[in-house]
Amino acid sequence: MERALDLVVVGGGLSGLASAAFAARSGLSVLVIEKAGELGGRARTTMVHNFALNLGAHAVYRGGEAERVLSALGVHIDGGVPNASGAVALTARGAQALPVGLVSMLTTGALSFAGKIEVSRLLTSLHKIDADALAGETAAGWIDKSVHTEGARGIVRALARVSTYSGALDRLSAGAAVSQMGLAMKNNVTYVHGGWQTLVSSVLEIVQKAGAQLVTGDGVSSVRRAANGVVVTLADGRSFEANAAIIAGTPRTAASIASESRYLAQAADRAEPVKVATLDVALSTLPRPGCRFALGTERPLYYSVHSAAARLAPEGGAVVHVMAYEADTAGRIEAELEGVLDTLQPGWRDRVVHRRFLPSMTAANALVSAAEGGFAGRSQVTVADMPGVFVAGDWVGPKGMLLDAALASAESAAGAAKVYIEQKRVPAPRRDVSRSESAGAFAL
Ligand SMILES: Cc1cc2nc3c(=O)[nH]c(=O)nc-3n(C[C@H](O)[C@H](O)[C@H](O)COP(=O)(O)OP(=O)(O)OC[C@H]3O[C@@H](n4cnc5c(N)ncnc54)[C@H](O)[C@@H]3O)c2cc1C
């Protein structure tokens with residue numbers, strides 16, 4: 001058994017690193033264990049010939065929890081805000097203007113006059129909708145109820161998908177969709193200069209400055225309760241004793257390594273991963289520089305030139321992410337995503353510096369589902385049946401989606417672990433004063 005620590009954090013993605021940063025900064029001794037050879041998890045960025053490729057399209061929601069938590073850690077998000085002008089709706093009748101602003105609303109051929117009125121009304125009234133009251137309804141049901149022309153439904157479905165990353169609108173909570181669409185439409189997003197790896201590096205620097213230890217290239221195989229806290233065992237057989245542990249991996253990881261917990265087993269059973277297929281492309285030049293953003297209305301498709309807003313490519317080059325809000329289980333989506341590029345950037349194939357297709361990426365570990373009552377149904381940071389064990393990630397806590405949820409839960413988990421550890425260190429004063437005094441038991 002290796003030395004005793006205050007806290008072991010399992011997982012070195014952004015939620016594990018942020019938990020460790022908060023905990024170490026508050027004075028706890030912390031060890032982070034990451035099974036991969038490098039830190040960052042899904043926030044890693046691949047550098048190829050000076051192009052920075054995130055693992056699929058990554059954007060930070062402006063005004064969301066991630067921004068707030070990173071700022072609390074002293075991390076500034078350096079990036080650019082994409083410009084929606086000239087955005088395209090990929091409809092069954094071809095490419096049309098995506099009606100998100102006044103000009104595109106007036107000019108688009110994607111909507112009838114009645115459809116334009118419906119979409120305008122909905123988008124301008126999103127902030128007035130009581131999202132909590134819609135928590136148990138599905139996004140698909142709410143859209144069908146609120147929007148009556150089919151073209152307008154297609155646009156609102158596309159906006160719900162791009163805001164939440166969820167293709168399963170028939171199971172997604174309408175409350176979550178409304179609040180996330182409200183956030184994205186009001187404030188837009190930031191594409192990060194240099195890719196999300198820069199966020200990983202900034203948080204890692206804080207972790208290291210605060211004195212936390214790091215182990216990479218070795219996964220945790222179990223977290224068990226012990227008389228004095230928890231025992232964390234690695235795949236290579238090493239064990240660490242700690243007062244508490246935060247598990248910042250998937251719900252399945254949490255359930256399998258903390259196998260005493262029924263709470264985590266149930267959380268893993270309930271969690272429906274939100275999957276996407278993504279084609280990430282580095283191009284020497286862009287055939288049509290003005291064509292920066294598109295969404296599918298009938299098909300769950302996304303296209304965006306991230307290098308138009310963030311520094312991700314060398315001079316003249318471009319980084320484009322094309323995505324489907326579903327996994328490529330039938331092996332047909334790669335061709336469909338290439339087809340999107342053929343439509344929007346004809347001639348792109350001759351300018352490819354690098355391309356990568358990822359058929360099944362987990363954008364979020366748990367859909368915010370109507371059946372679970374929306375955000376309120378997500379797992380809590382405190383594992384009720386394993387005192388001293390906490391969880392963090394995009395499947396945990398009542399706040400936000402994706403990185404917003406991951407970082408909000410990381411901050412809460414670190415806070416809850418700190419309180420737990422302090423309570424253990426300083427035993428509560430005895431109530432039975434008369435008996436203790438008479439026995440002469442106090443020696444303060
Ligand atoms: C294609 C794609 C697009 C996305 N786009 C956006 C976006 O636009 N906006 C947004 O907010 N979010 C987005 N996300 C989500 C975002 O990437 C994550 O929410 C965020 O990176 C936080 O992740 P995490 O640290 O909770 O989990 P992860 O990054 O998955 O980290 C978990 C870590 O735990 C490690 N681990 C697992 N098991 C063990 C073990 N047994 N022992 C030790 N270590 C272990 C893993 O190796 C991993 O490094 C996207 C995700 C994907 C895949």
Side-chain angles (χ1 to χ4, degrees), residues 8-20 31-45 53-62 64-67 69-70 77 79 82 162-166 180 183-184 189-192 195-197 199-200 203 214-223 232-236 245-258 273-280 302 304 306 321-325 327 356 358-366 391-397 400-410 413:
V8 172
V9 176
V10 182
L14 275 175
S15 60
L17 290 175
S19 308
L31 172 69
V32 180
I33 302 171
E34 165 56 53
K35 79 171 173 195
E38 3 163 24
L39 296 158
R42 287 170 289 156
R44 287 196 314 258
T45 305
L53 292 177
N54 288 320
L55 289 169
H58 271 78
V60 179
Y61 294 91
R62 280 155 52 93
E65 286 293 305
E67 235 183 42
V69 173
L70 288 171
I77 302 171
V162 70
S163 309
T164 64
Y165 274 69
S166 313
Q180 193 68 10
L183 180 68
V189 295
T190 302
Y191 293 168
V192 181
W196 275 32
Q197 193 77 45
L199 301 179
V200 174
V203 181
L214 296 151
V215 169
T216 55
D218 201 353
V220 168
S221 55
S222 73
V223 174
V232 177
T233 305
L234 274 61
D236 70 1
I246 295 176
I247 306 175
T250 66
R252 292 227 166 276
T253 305
S256 81
I257 65 179
V274 176
K275 294 280 188 180
V276 297
T278 171
L279 177 63
D280 307 328
Y302 165 99
S304 180
H306 279 231
H321 293 288
V322 196
M323 201 161 60
Y325 297 103
R356 174 180 64 194
L358 303 167
S360 179
M361 291 294 291
T362 303
N365 280 298
V391 285
D394 53 22
W395 52 285
V396 180
M401 292 176 108
L402 301 149
L403 184 64
D404 286 337
L407 293 189
S409 60

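Note that ligands are numbered from 1 as they come in the structure, with each ligand's atoms numbered from 1 the same way. Here, residue 1 is the first one in the sequence, and each next residue gets the next number.
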Q | W395 side chain vs A405 backbone, donor-acceptor pair below 3.5 Å | A | no
Where does ligand 1 get N/O contacts under 3.5 Å from the protein, atom by atom?
{"from": "ligand 1", "atom 1": "5 (N)", "to": "A57", "atom 2": "O", "distance (Å)": "3.0"}
{"from": "ligand 1", "atom 1": "5 (N)", "to": "Y165", "atom 2": "OH", "distance (Å)": "3.2"}
{"from": "ligand 1", "atom 1": "8 (O)", "to": "A59", "atom 2": "N", "distance (Å)": "2.8"}
{"from": "ligand 1", "atom 1": "8 (O)", "to": "A59", "atom 2": "O", "distance (Å)": "3.2"}
{"from": "ligand 1", "atom 1": "8 (O)", "to": "Y165", "atom 2": "OH", "distance (Å)": "2.7"}
{"from": "ligand 1", "atom 1": "9 (N)", "to": "A59", "atom 2": "O", "distance (Å)": "2.7"}
{"from": "ligand 1", "atom 1": "11 (O)", "to": "L403", "atom 2": "N", "distance (Å)": "2.9"}
{"from": "ligand 1", "atom 1": "17 (O)", "to": "H58", "atom 2": "NE2", "distance (Å)": "3.0"}
{"from": "ligand 1", "atom 1": "19 (O)", "to": "D394", "atom 2": "OD2", "distance (Å)": "3.3"}
{"from": "ligand 1", "atom 1": "23 (O)", "to": "R42", "atom 2": "NH2", "distance (Å)": "3.4"}
{"from": "ligand 1", "atom 1": "25 (O)", "to": "L14", "atom 2": "N", "distance (Å)": "3.0"}
{"from": "ligand 1", "atom 1": "25 (O)", "to": "S15", "atom 2": "N", "distance (Å)": "2.9"}
{"from": "ligand 1", "atom 1": "25 (O)", "to": "S15", "atom 2": "OG", "distance (Å)": "3.0"}
{"from": "ligand 1", "atom 1": "26 (O)", "to": "S15", "atom 2": "OG", "distance (Å)": "2.7"}
{"from": "ligand 1", "atom 1": "27 (O)", "to": "R42", "atom 2": "NH2", "distance (Å)": "3.0"}
{"from": "ligand 1", "atom 1": "29 (O)", "to": "R42", "atom 2": "N", "distance (Å)": "2.8"}
{"from": "ligand 1", "atom 1": "30 (O)", "to": "R42", "atom 2": "NE", "distance (Å)": "2.8"}
{"from": "ligand 1", "atom 1": "30 (O)", "to": "R42", "atom 2": "NH2", "distance (Å)": "3.4"}
{"from": "ligand 1", "atom 1": "41 (N)", "to": "V220", "atom 2": "O", "distance (Å)": "3.1"}
{"from": "ligand 1", "atom 1": "42 (N)", "to": "V220", "atom 2": "N", "distance (Å)": "2.9"}
{"from": "ligand 1", "atom 1": "44 (N)", "to": "K35", "atom 2": "N", "distance (Å)": "3.1"}
{"from": "ligand 1", "atom 1": "47 (O)", "to": "E34", "atom 2": "OE2", "distance (Å)": "2.6"}
{"from": "ligand 1", "atom 1": "49 (O)", "to": "E34", "atom 2": "OE1", "distance (Å)": "2.6"}
{"from": "ligand 1", "atom 1": "49 (O)", "to": "E34", "atom 2": "OE2", "distance (Å)": "3.2"}

**Q.** Closest heavy-atom pair and its distance - D394, L402
**A.** CB-O, 3.4 Å
Q | Test item: E67 and I77 side chains (from C-beta on) under 4.5 Å apart, heavy atoms | A | yes
Q.
Less than 4.5 Å apart, side chain to side chain, heavy atoms only: is that true for L234 and V215?
A. yes
Q) D280 versus N54: any side-chain heavy-atom pair under 4.5 Å? A) no
Q) Can you tell me if Y302 uses its side chain to pair, donor with acceptor, with the backbone of H321 under 3.5 Å? A) no
